[in-house]
Amino acid sequence: MPELPEVECVRRSLEPVLIGRTLREVLRHRPDVVRGDANAHGLSRGQRIERLVRHGKQLALVGRGPGGTTGCVVAHLGMSGQLRWASAPANPAPKHTHVVWRFDQGELRFTDPRRFGGVWVFPSLEAAYTARWAELGPDALSVTPARLHRALSRTTRMLKPALLDQAVVAGLGNIYVDELLFGARLRPTLQANAVTPAQAGSLTRRMKTLLSRAIRAGGSTLRDYVDGTGSAGGYQLAHRVYGRAGQRCLRRGCGVDLASSTLAGRTTVYCPACQG
DNA sequence: CTGGTCTCCTGATCGC
DNA sequence: TGCGATCAGGAGACCA
């Protein structure tokens with residue numbers, strides 16, 4: 001479910017409740033959801049949560065223990081994953097709760113019905129960077145026009161699949177790519193290496209405003225997304241193409257019916273008149 | 001290297 | 001009320 005704005009909202013909502021808390025125990029109800037270095041524990045008992053770091057759609061919880069030990073857990077929410085804070089422990093855990101981090105008061109739960117997401121454990125944030133985040137492109141909120149242009153110019157793929165590729169730019173998913181391409185008035189099927197530096201500049205700027213607005217609105221809640229404290233988002237009300245196939249284009253003076261097709265296995269909605 | 005198709009899962013929704 | 005088909009915010013494997 002979650003793309004960059006939703007994961008950032010989870011990060012921001014969890015920060016105030018998690019920072020400084022001391023971990024008591026970790027319950028792995030479904031151990032196969034936890035992956036990573038066999039020698040790594042991720043976060044261990046006695047460590048305090050130091051910070052929460054996001055890159056693209058992934059969120060790292062960074063811990064530090066009294067003896068200077070470090071720990072790191074990276075969550076990737078996939079389609080249906082959630083990280084939720086609860087001020088009181090629950091026994092038994094709610095359905096599809098795969099991992100629980102128990103603190104002095106309250107607990108953090110990773111739940112994921114479809115299990116497309118997961119949790120990766122590392123000995124430190126640095127280890128997570130080299131082992132897991134190194135293959136990701138720059139975060140969509142900090143990518144530069146030059147960097148985006150260079151990445152796009154290196155591939156003959158269509159623009160939408162290229163932007164969905166987390167190695168090109170990290171954070172975009174199906175909703176925000178469609179919204180971005182509509183705003184930038186570019187065809188999803190445009191060849192990525194045909195994007196001009198000026199268009200890459202426009203894409204970069206629009207990407208940041210789009211994602212920032214979505215974050216400010218609390219993300220997009222289509223069916224079950226909520227942030228770390230259970231709040232739903234409101235940005236779905238601002239979608240201009242996603243979920244609107246067959247309805248009229250909202251651009252002033254257009255009014256053409258939005259078209260839908262499948263690209264890279266994903267439903268793609270665009271305006272045949274405005275885009276391209 | 002590319003796009004298309006399938007797969008991993010569960011659950012909501014729709015038509016019969 | 002039940003039942004099957006279809007679809008879903010992600011991503012990676014395989015194939016031609």
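As a basis for the values below, the full set of heavy atoms in this structure was taken, side chains included, without hydrogen atoms, waters or symmetry mates. In what follows, chains are A, B, ... by sequence order, proteins preceding strands, each numbered from 1.
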(request) Figure out the OH/C1' separation between A:Tyr176 and C:dG10, and round it to whole Å. (result) 15 Å

(message) Pairs counted only when both distances fall under 3.5 Å, Watson-Crick or G-U: show me the 5' to 3' dot-bracket for DNA chain C, [ ] for pseudoknotted crossings and | for other-strand partners.
(response) .|||||||.|||||||

(request) Could you give the distance separating B:dC9 and C:dG2 at their C1' atoms, to the nearest angstrom? (result) 23 Å

(message) Of the listed nucleotides (C:dG9, C:dA11, B:dG3), which one gets closest to any side-chain atom of A:Tyr225?
(response) C:dG9

(request) Check whether any side-chain nitrogen or oxygen of A:Thr267 sits under 4.0 Å from OP1 or OP2 of C:dC7, and answer yes or no. (result) no

(request) Can you tell me the distance, in whole Å, between the CG atom of A:Leu263 and the C1' atom of B:dT5? (result) 14 Å

(request) Look at all strands and tell whether A:Tyr242 reaches a base, only sugar-phosphate, or nothing, counting heavy atoms closer than 4.0 Å. (result) sugar-phosphate

(message) Can you tell me how the ring of A:Phe103 sits relative to the ring of A:Trp85, calling it parallel under 30°, perpendicular over 60° and tilted otherwise?
(response) tilted

(request) State, to 0.1 Å, how close A:Glu3 and A:Glu6 come at their nearest heavy-atom pair, and which atoms those are. (result) N-OE1, 2.9 Å

(message) Could you tell me how far B:dC8 sits from C:dC3 if I compare only their C1' atoms? Round to whole Å.
(response) 24 Å

(message) It should be established whether A:Lys57 places a side-chain nitrogen or oxygen under 4.0 Å from OP1 or OP2 of nucleotide C:dG10.
(response) yes

(message) Side chain of A:Thr156, heavy atoms from C-beta onward: which of C:dG10, B:dT10, B:dT2 has the nearest atom to it?
(response) B:dT2

(message) Quick check: on DNA chain B, is the nucleotide nearest A:Gly265 upstream (toward 5') of the one nearest A:Thr155, or the reverse? Name the residue that is more 5'.
(response) A:Thr155

(message) Assess whether a salt bridge exists between A:Arg157 and A:Asp165, defined as any Lys/Arg side-chain N lying under 4.0 Å from an Asp/Glu carboxylate O.
(response) yes

(request) Kindly point out which of C:dG9, B:dT2, C:dA11 is positioned nearest to the side chain of A:Arg266? (result) C:dG9

(message) Between A:Glu15 and A:Arg12, does any side-chain N to carboxylate O distance fall below 4.0 Å?
(response) no

(message) Heavy atoms from C-beta onward define the side chain here; which of C:dG9, B:dG11, B:dC9 lies closest to that of A:Arg115?
(response) B:dC9

(request) Side chain of A:Pro113 only, please: which of C:dG10, B:dT10, C:dG9 is the nearest? (result) B:dT10

(message) Using the P atom as the point on both nucleotides, what is the distance between C:dA5 and B:dC6, in whole Å?
(response) 15 Å

(request) Show your working on salt bridge (charged side-chain N to carboxylate O under 4.0 Å, His left out) between A:Lys160 and A:Asp178 and close with a plain yes or no. (result) CA-CA 8 Å; A:Lys160 172 168 177 175; A:Asp178 276 10; 2.9 Å; yes

(message) I'd like to know whether A:Leu211 forms a side chain to side chain contact (heavy atoms under 4.5 Å, CB included) with A:Leu141, so could you lay out the CA-CA distance, the side-chain angles of the two residues, the decisive distance to 0.1 Å, and finally the verdict.
(response) CA-CA 7 Å; A:Leu211 298 173; A:Leu141 283 181; 3.9 Å; yes

(request) Provide, to the nearest angstrom, the distance between the CG atom belonging to A:Leu190 and the P atom belonging to B:dT2. (result) 15 Å

(request) Calculate the interatomic distance between A:Glu135 atom CD and C:dG12 atom P; express it in whole Å. (result) 8 Å

(message) Considering every strand and a 4.0 Å limit on heavy-atom distances, what is the contact class for A:Lys95: base, sugar-phosphate, or nothing?
(response) sugar-phosphate

(message) Ignoring hydrogens and geometry beyond distance, is the side chain of A:Arg223 in donor-acceptor contact with the base of B:dG11 at under 3.5 Å?
(response) no

(message) Can you tell me if A:His96 touches the phosphate of B:dG11, counting only side-chain N or O atoms and a distance under 4.0 Å to OP1 or OP2?
(response) yes

(request) In whole angstrom, give the distance that lies between atom CZ of A:Arg157 and atom P of B:dC1. (result) 10 Å

(message) Using the C1' atom as the point on both nucleotides, what is the distance between C:dG9 and B:dG3, in whole Å?
(response) 22 Å

(message) Under 4.5 Å between side-chain heavy atoms, counting indirect links through other Ile/Leu/Val/Met/Phe/Trp/Tyr residues: same cluster for A:Phe122 and A:Leu136 or not?
(response) yes

(request) Round to a whole Å and report the spacing from CD of A:Gln191 to P of B:dC1. (result) 16 Å

(message) The test is salt bridge (charged side-chain N to carboxylate O under 4.0 Å, His left out); show your working for A:Arg248 and A:Asp257 and say whether it passes.
(response) CA-CA 4 Å; A:Arg248 280 193 299 284; A:Asp257 286 353; 5.5 Å; no

(message) Tell me whether the rings of A:His239 and A:Tyr176 are parallel (<30°), tilted (30 to 60°) or perpendicular (>60°).
(response) perpendicular

(message) What's the gap between C:dG12 and B:dG11 when it is taken at their C1' atoms, as a whole Å value?
(response) 23 Å

(request) Round to a whole Å and report the spacing from CZ of A:Arg114 to P of C:dG9. (result) 9 Å

(request) May I have the distance from A:Gln166 (atom CD) to C:dG10 (atom P), rounded to whole angstrom? (result) 8 Å

